[in-house]
Every structure is written in structure tokens, then in C-alpha cells.
Chemist: 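Following this message is one structure expressed as C-alpha cells.
Values in this document were obtained by computation on a predicted structure and should not be read as measured data. Throughout, residue positions are numbered sequentially from 1 according to the sequence presented.
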Amino acid sequence: SRKFLPGQKVIQVLMSEPGPVLGEIRLVIHTLQTLKLAYTQMQTQLELQNQATPSRSWTFPSHLVFIHLDTFLRRLLSIQGAHFITVRFYQLDQTILSGVNGTLLTDVVQEAYQDFLVQVRLLSGCNCDPTDPEDQSFELNLDQFQAQVSDLETRLVSVLSKALEDCSEALSATKLVKMFWFFLDRPLVQDQLPSYLSQLVEQVLTDLDQTELEFYSEREEPERFFRFHPAAAARLCWNRQLRRRAEEALRSFRTIQNLCGGLALSHLVLKRFKKIVDLLQDFRTSVRSHWSWELESECGVILNHSLIQISHPDHLEVACMYQLEALLQELRCATREGHVELRPHTARLLSCRDEITQKYHSLKQIVVCYNQVVGGAMEVELHLIQEHLQELEQILCELQRKTWISEGVQQQSQQVLIVHFNIREARSNMDAMRRIAHGWAELDLLQRSEDSLLESKVKDQTCRNIKTDGEQLLRLTQVNRSLYKADESSQAWKRYLDYIDDRVQDGLLQLLIRALHFLTDNMSPQTCGPALFSVTLQLQETGSVFEPTIDGGLINVIKTIIRDIYGAASLIPRISLSRHGNYQVLLQQNPELCTREQEVMCRLLQVKEEVEQLRAGLNRYSHLWQSDRTAVFEEFLTYGKQLGAEAVDAERKPPTLKDFQREIQVLLTLSSEVSQLDEVILLNGWLQIDMRPFKTCLLSIILDWKHMYTHRLLESATNRKTAPAEPEPEPGSL
């Protein structure tokens with residue numbers, strides 16, 4: 001046996017993996033104990049044989065043979081005990097306690113575990129052969145190890161006691177006992193633990209009492225704890241929940257039953273548990289029986305009820321819809337529950353449950369489709385769907401005569417779905433036409449160009465989109481005619497087209513109002529934005545001229561824009577068959593549009609008056625371009641000044657240098673005044689006048705006038721230098 005065991009490694013493996021070596025030790029112990037048992041059995045058989053045939057009895061002293069074997073066995077049992085202790089204490093490595101003092105107690109356990117590792121390290125490090133029974137040094141080390149282990153066990157018992165005191169229920173106390181189960185058989189633990197175990201038993205009995213008390217207090221309405229279950233299923237769920245609580249309490253007791261001792265205590269706990277189980281079993285049997293009769297009654301009512309019903313005029317419902325849904329749910333619960341007797345009506349409904357479910361879904365589709373067809377119908381649509389409604393009424397009459405076990409519901413469902421699909425598509429097309437017409441109110445027929453002036457979009461992509469919308473409207477009306485199966489010449493269809501025609505008129509009206517509103521807003525004197533139109537003031541031989549002209553050009557431009565705005569309405573073909581003329585002619589007579597058009601023309605007349613006032617103010621320079629410069633200059637040379645119309649008999653007097661200076665200074669003053677004129681003028685907040693051509697031309701004319709006087713002075717000075725000496729002229733004359 002000593003050769004079979006690994007010698008010193010028997011103890012050294014305590015720090016690594018004691019499991020395999022422990023198995024070898026147990027094998028050796030079992031082998032030697034079996035040897036002694038075989039010897040004892042053979043000795044007993046020989047003694048029995050000697051009694052039958054007297055001979056010399058077995059008087060050989062057995063202890064002389066087994067003295068060394070017994071010493072060796074005691075040493076192996078000590079080593080095995082050390083291994084058992086080590087394996088158990090290793091379980092403390094992952095121990096974590098919860099609760100109020102959980103962290104503190106966990107730290108104590110881990111500290112004890114670290115101290116144990118120190119003792120194991122000391123024991124495994126001894127330099128001796130533990131399997132040699134003659135070597136007593138190992139016994140000394142082992143005794144010291146066991147003394148330290150006893151101290152550690154004392155600390156662990158304190159931790160366990162404190163943790164059990166903190167437990168408020170039996171389940172948590174049981175988990176705690178299981179956590180320290182590996183050392184509960186130690187004598188020191190068994191001496192101090194009974195008081196705490198008795199407290200745990202009291203908690204078990206308290207849990208059983210509370211379970212019984214809850215049964216009596218809540219058995220009248222336990223379904224309030226399971227609101228999404230049928231009443232009977234809720235009662236059974238509640239019953240199972242109470243039974244699980246009682247079984248958990250019993251399992252908690254059985255965990256510590258062997259530690260507590262005493263049959264009387266076990267009988268008391270089992271008696272309490274059996275009483276609760278019997279109460280719950282009687283309650284469960286009563287609920288199942290009552291549930292079985294309720295299902296039978298409800299199934300009988302459902303099976304013989306009609307399929308549909310009219311709750312109020314033109315609104316259809318599936319008959320017993322909510323009752324059927326609740327009943328199907330109860331049947332599913334009863335099937336899962338089991339042990340619920342299925343009586344004839346219940347069994348019949350359960351056997352065709354899938355068919356009834358399909359039929360229920362088909363009826364829901366029929367009801368929804370019918371209510372949508374009838375409830376969502378417009379007044380102009382009722383006459384168009386009259387034939388469809390009659391077809392649906394026939395189907396409803398057939399369904400009202402059928403019950404939940406009748407056949408043919410699926411085929412009728414298909415017919416209703418076809419009718420509903422056609423009408424739903426037609427209404428979807430009507431919604432699309434409404435969206436098209438409403439969308440025109442967001443379009444812009446007018447906008448500002450890159451230079452912020454007005455730009456018409458009547459001939460660009462916007463109006464091409466409007467024309468495309470008109471073609472789409474015609475196509476959708478034809479699609480709806482085929483869906484409704486309407487006669488094109490019928491009054492119902494004509495009224496339907498008139499309804500669409502009104503929607504189109506409203507959409508075009510909003511389109512034109514938006515465009516005219518854009519004009520009136522941008523032609524308002526309070527407008528803070530850039531100019532809407534621009535004209536140029538030019539100076540011609542006939543005088544100041546606007547380009548384009550106000551009377552002809554600008555007014556014609558605005559009238560053309562208004563005409564183009566109305567022309568956008570002619571892009572949509574007329575939808576109605578009973579009304580004549582296009583939308584443009586109709587909308588030109590609209591009072592709101594006429595009012596806005598008159599407002600635009602009024603703004604135009606206002607700006608025309610301001611333009612005339614501007615022109616009149618500039619006429620103070622008219623003598624510069626209207627007078628004959630040659631005649632005026634000759635008059636100046638003759639009289640020394642410009643004569644007015646009243647001065648006919650003025651005295652001839654050649655001009656002096658001061659006269660020339662006076663005339664040139666007047667021209668310089670006019671040139672400075674003209675230069676300070678604004679290059680651009682904004683009238684009435686929306687008409688921009690470009691003054692630059694006028695200013696340039698007028699300054700050129702002033703320069704010509706000035707050049708005429710200065711040229712005369714230069715010419716006179718040149719002639720004086722080249723002419724022969726003459727008598728000196730009088731002072732101040734040329």
C-alpha cells in the first residue's frame with residue numbers, strides 16, 4: 001500500500017489538486033478494511049464449524065497480526081480527514097453573502113479562507129513521509145493543522161450564525177445552509193447550530209401558516225392577480241402559485257431535517273403541509289367542475305347564434321364577437337390546464353375550433369369592408385354604388401341565417417372583398433384627385449428673377465406640370481368609371497363628375513388667387529423688398545421718355561401677366577359633362593379674382609401719377625434741350641445776356657468777361673445739381689426708375705452749352721494775340 005501511494009505527495013498535493021490522490025487513499029483504505037473484514041468473516045465461520053464438530057478453538061491473538069496494519073490505517077484515515085477538510089474549505093473561495101451585513105460577512109469568510117490556505121501550505125511543506133506510521137513528526141504537524149482548522153470553524157460558525165439571524169424568510173436561510181453544507185457535520189458546528197435551525201423551522205411553519213391564511217382571504221377573487229387570464233384559469237394559476245409556495249417551504253425544511261432531529265417536529269411540518277395541499281386540491285377540483293359547466297353553457301349559446309348583427313343603422317358587427325374571443329381564449333387555457341371535463345357542446349366547439357377561428361376572421365373582414373363601404377360613402381357616390389350595396393345586402397341576409405357551424409362563409413367573404421377593393425380603389429383615386437387640386441395652391445405662377453424683378457412662369461415647367469395634372473385627372477375619372485361600372489350618360493355619373501369639377505375649380509381658384517396675391521403684395525407701398533418692375537428714363541429730342549412707356553409698355557406688360565395667369569386655368573380640360581366653357585372663362589367672372597385684379601390696376605394708376613410728378617419735376621431742365629443754342633448764343637453776343645420773351649427793345653451791348661463768367665457759372669451749378677440726382681428711384685415701393693441714361697444725356701447737353709461759351713473765349717483770346725496793334729478797347733468790353 002505504501003508503494004502504491006505517492007509518498008510525500010500525499011500531502012503536497014493539498015495545495016494543487018487533491019482529488020486524484022484522495023481517490024487513491026480511499027482505495028487503499030477500502031482494500032485494507034476489506035482484508036480485515038474477510039479475516040473476521042473467516043474466523044466467524046470457523047468458530048461456527050467448531051461448534052458442530054468440537055475441535056481446538058481459534059485462540060490465536062488477532063491483534064498480534066494487525067497491530068501494524070491498524071496503525072497504518074489510522075494514519076491513512078488522518079490523511080484522508082485532512083484531504084476532506086481541504087476539499088471542503090476550498091469551496092469558500094467563491095462564497096459571497098448578501099443582505100444587510102453581506103459585504104462584512106463575506107470579508108470575514110474570505111479572511112478565514114486565506115488563513116486556511118496558509119495552514120495548508122504549512123502542512124503540505126513538511127519534510128516527511130506521511131504514509132510512514134513510525135514517523136511521528138507528521139502527527140505533530142497534523143495536530144497543529146487540525147487545531148487551526150477548529151479555530152477557523154469557530155469563526156465560520158459565527159459568520160453563519162449572524163447570517164441566519166439576518167434572514168427574514170426560510171428560503172434565504174435554506175440557501176445559506178446549503179452554502180455552508182460542507183462543514184455542518186463538524187462537531188463544533190453541531191454544538192452551536194441547533195438554536196438557529198429551530199428558528200429556521202419556525203420560519204417554515206410561519207410560511208405555511210401565511211399560505212393557508214392567504215388561501216382563505218383571497219379565494220373569493222383571486223383573478224385580480226391575473227387580470228389577463230379568464231377567471232377560472234386565473235383561480236387555477238393562483239392555486240398553483242400557493243402550492244409552489246407550500247412546496248418551497250417543505251423543501252426548505254427537508255434541507256435541514258436531518259440536522260434538526262426529532263420526529264415530532266417533522267410530523268408537525270408534514271401535517272401542516274398536507275392540510276394546505278388538501279385545501280388547494282379541493283379548491284382546484286371545485287374550480288374545474290364549475291369551469292366545465294360554464295364552458296358548456298357558453299359554447300351552447302355560441303354554436304346556435306347567428307353570425308352577424310346590426311348594432312345601429314348602417315353599422316355591422318360580428319355577433320357575439322367579444323364573447324367568442326373570450327371563449328376561444330378560455331378553451332386554449334382549459335386545454336393547457338388539463339383535467340377539465342369537456343362536455344358535449346364544449347367538445348364540439350373545440351373540435352371545430354380552427355374552422356370557427358377562420359370563419360371569425362373572414363367575418364371580421366366582411367364587417368370591416370361593409371362598414372367602410374357604407375360608412376365612408378359620399379353623397380354623390382351613393383347612387384353609383386347602389387348595385388354594389390344591393391349585392392352586399394343579399395350576402396348579409398344569407399349570413400344572418402347561418403350559425404357558427406354553417407358552411408360557405410369563405411366564398412361570401414371573397415365576394416365582399418372584391419366589392420370593397422373596387423370601391424376602395426375608386427376612393428383612393430378620388431383622394432389622389434383632391435391632392436392634385438389642393439397641390440395647385442402651393443404652385444407659383446409668378447416669381448422674381450435673378451435680378452429680383454418679376455418673372456412669369458406661365459410657359460415654363462410649372463404650367464407643364466399643371467397640364468400633366470389635368471391629363472392625370474381625366475385618366476383617374478375614367479378608371480373610377482370602370483371601377484363603379486357606371487354608365488357615362490347616367491345622371492349619377494354626371495353628378496359625380498360635377499363634384500370633381502368643383503374640386504378642380506377650387507384648386508384653380510387658389511392657384512390664381514396665389515398669383516394675384518403675389519402681385520398685390522409686391523405692388524404695395526409698404527413693400528420692403530426689391531422692385532417688381534423696372535423702367536428707364538431717357539432723354540430724346542422730344543424730351544424725357546420712359547422705356548418702356550408707362551401708358552403703353554408697363555400697363556400692357558401687367559395686363560399680359562394677368563391674362564397669362566388666367567390662361568393657366570385653361571390648361572386643365574373640363575371634367576364636367578353637363579357644364580360648358582373652360583375654367584378660364586368661369587374664373588374670370590369670380591368676384592374675388594376681379595377684386596384682386598382691380599387692386600393691381602389701382603396700384604398701377606397710383607404709380608403712373610408718381611411717374612408724371614417725377615417727369616414734371618425734371619422739366620425744370622427742359623430749356624437745356626428745347627432751346628436753340630445758336631440763337632441763344634447770338635442773342636448773348638448781341639445784348640450781353642439772354643433776353644426773355646418780354647424784352648423786345650433791349651439795348652445792344654456786347655458781353656463782357658463777367659457776363660461770360662456768369663453764364664458759365666450757371667451751367668456749372670446746373671451740372672452739379674444734375675450730378676446729384678439719384679441714379680435709381682423706387683416709386684410706390686415696386687417700380688424702379690433707372691435715371692442714369694437721363695443724367696448722362698443731360699450732363700452732355702450742359703457740357704455742350706458750357707463748351708460753346710468757353711470756346712468763344714478761347715477763340716477771342718487767340719485772335720487778340722495774332723491781330724495787329726489796335727487802339728486799346730474800353731475797359732470791360734471784348
Side-chain angles (χ1 to χ4, degrees), residues 1-50 58-93 116-117 119-150 152-153 156 178 180-190 255 257-259 261:
S1 296
R2 290 188 62 191
K3 290 181 179 180
F4 176 74
L5 294 174
Q8 289 186 354
K9 290 184 179 180
V10 169
I11 292 300
Q12 292 176 353
V13 296
L14 291 178
M15 288 299 299
S16 56
E17 187 65 31
V21 175
L22 178 61
E24 295 176 356
I25 294 173
R26 296 175 68 179
L27 176 61
V28 171
I29 293 174
H30 176 71
T31 302
L32 297 179
Q33 288 178 343
T34 304
L35 172 63
K36 289 189 65 177
L37 179 62
Y39 174 85
T40 304
Q41 291 176 349
M42 184 60 65
Q43 181 182 10
T44 303
Q45 291 178 3
L46 289 175
E47 289 179 353
L48 292 175
Q49 291 177 2
N50 289 336
W58 186 288
T59 59
F60 185 79
S62 300
H63 68 277
L64 296 178
V65 178
F66 294 108
I67 182 171
H68 294 290
L69 181 63
D70 290 340
T71 305
F72 182 65
L73 271 176
R74 284 193 297 272
R75 174 62 61 86
L76 290 182
L77 290 173
S78 299
I79 297 173
Q80 179 181 254
H83 275 268
F84 282 154
I85 293 174
T86 303
V87 171
R88 291 177 177 181
F89 268 84
Y90 275 160
Q91 298 181 33
L92 295 175
D93 185 24
F116 172 75
L117 292 180
Q119 299 303 320
V120 171
R121 193 177 297 111
L122 293 175
L123 179 63
S124 62
C126 62
N127 296 322
C128 62
D129 184 2
T131 60
D132 184 5
E134 302 297 332
D135 189 350
Q136 297 300 317
S137 62
F138 175 75
E139 290 289 341
L140 296 176
N141 291 328
L142 186 60
D143 292 341
Q144 184 178 1
F145 173 76
Q146 291 177 345
Q148 295 296 327
V149 167
S150 298
L152 294 177
E153 288 177 348
L156 291 178
K178 289 181 179 179
F180 290 92
W181 187 261
F182 59 89
F183 83 109
L184 294 181
D185 58 342
R186 305 290 292 174
L188 181 61
V189 179
Q190 291 182 350
T255 302
Q257 184 176 4
N258 295 331
L259 301 175

Chemist: For the atom pair CD (Q119) and CD (Q144), what is the distance rounded to the nearest 0.5 Å?
Modeler: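 Between atom CD of Q119 and atom CD of Q144 there are 6.5 Å.
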Chemist: Set out, in order, the CA-CA distance, both residues' side-chain angles and the distance that settles side chain to side chain contact (heavy atoms under 4.5 Å, CB included) for L117 and Y90, then state yes or no.
Modeler: CA-CA 9 Å; L117 292 180; Y90 275 160; 3.5 Å; yes
Chemist: Taking atom CD1 of I67 as the centre, does the number of heavy atoms from other residues, nucleotides or ligands within less than 6.0 Å exceed 12?
Modeler: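 Counting neighbours around CD1 of I67, 12 or fewer heavy atoms of other residues, nucleotides or ligands fall under 6.0 Å, so no.
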Chemist: About how many Å separate SG of C126 and CG of N141, when rounded to the nearest 0.5 Å?
Modeler: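 Rounded to the nearest 0.5 Å, the CG-SG separation comes to 5.0 Å.
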Chemist: Write down the atom of L32, the atom of S1, and the distance for their closest heavy-atom approach.
Modeler: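 Of all heavy-atom pairs spanning L32 and S1, the closest is CD2-OG, 3.8 Å.
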Chemist: Would you say that more than 12 heavy atoms from the other residues, nucleotides or ligands in this model lie under 6.0 Å from the CZ of R2, or not?
Modeler: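 Yes.
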Chemist: Give a yes or no answer on whether the side chain of H83 reaches the backbone of V10 with a donor-acceptor pair at less than 3.5 Å.
Modeler: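 At least one qualifying donor-acceptor pair exists.
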Chemist: If you round to the nearest 0.5 Å, how far is CD of E153 from CD of Q146?
Modeler: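 If we round to the nearest 0.5 Å, Q146:CD and E153:CD are 10.0 Å apart.
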Chemist: Say you draw a straight line from OG of S150 to CD1 of I85; how long is it, rounded to the nearest 0.5 Å?
Modeler: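 It comes to 7.5 Å.
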Chemist: To check you understand the geometry: which heavy-atom pair defines the closest contact between F138 and L123, and what is its length?
Modeler: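 Scanning both residues completely, I find the closest heavy atoms to be CE1-CD1, 4.1 Å.
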Chemist: If I compare all heavy atoms of R75 with all of D132, which pair ends up nearest, and what's the gap?
Modeler: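 Scanning both residues completely, I find the closest heavy atoms to be NH1-O, 2.9 Å.
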Chemist: Ring-plane angle category for F116 and F89, please: parallel below 30°, perpendicular beyond 60°, tilted otherwise.
Modeler: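 The rings of F116 and F89 lie parallel, inter-plane angle below 30°.
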Chemist: For C128 and P130, work out which heavy atoms get closest and say how close.
Modeler: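 The pair with the smallest heavy-atom distance is O-CD, 3.2 Å.
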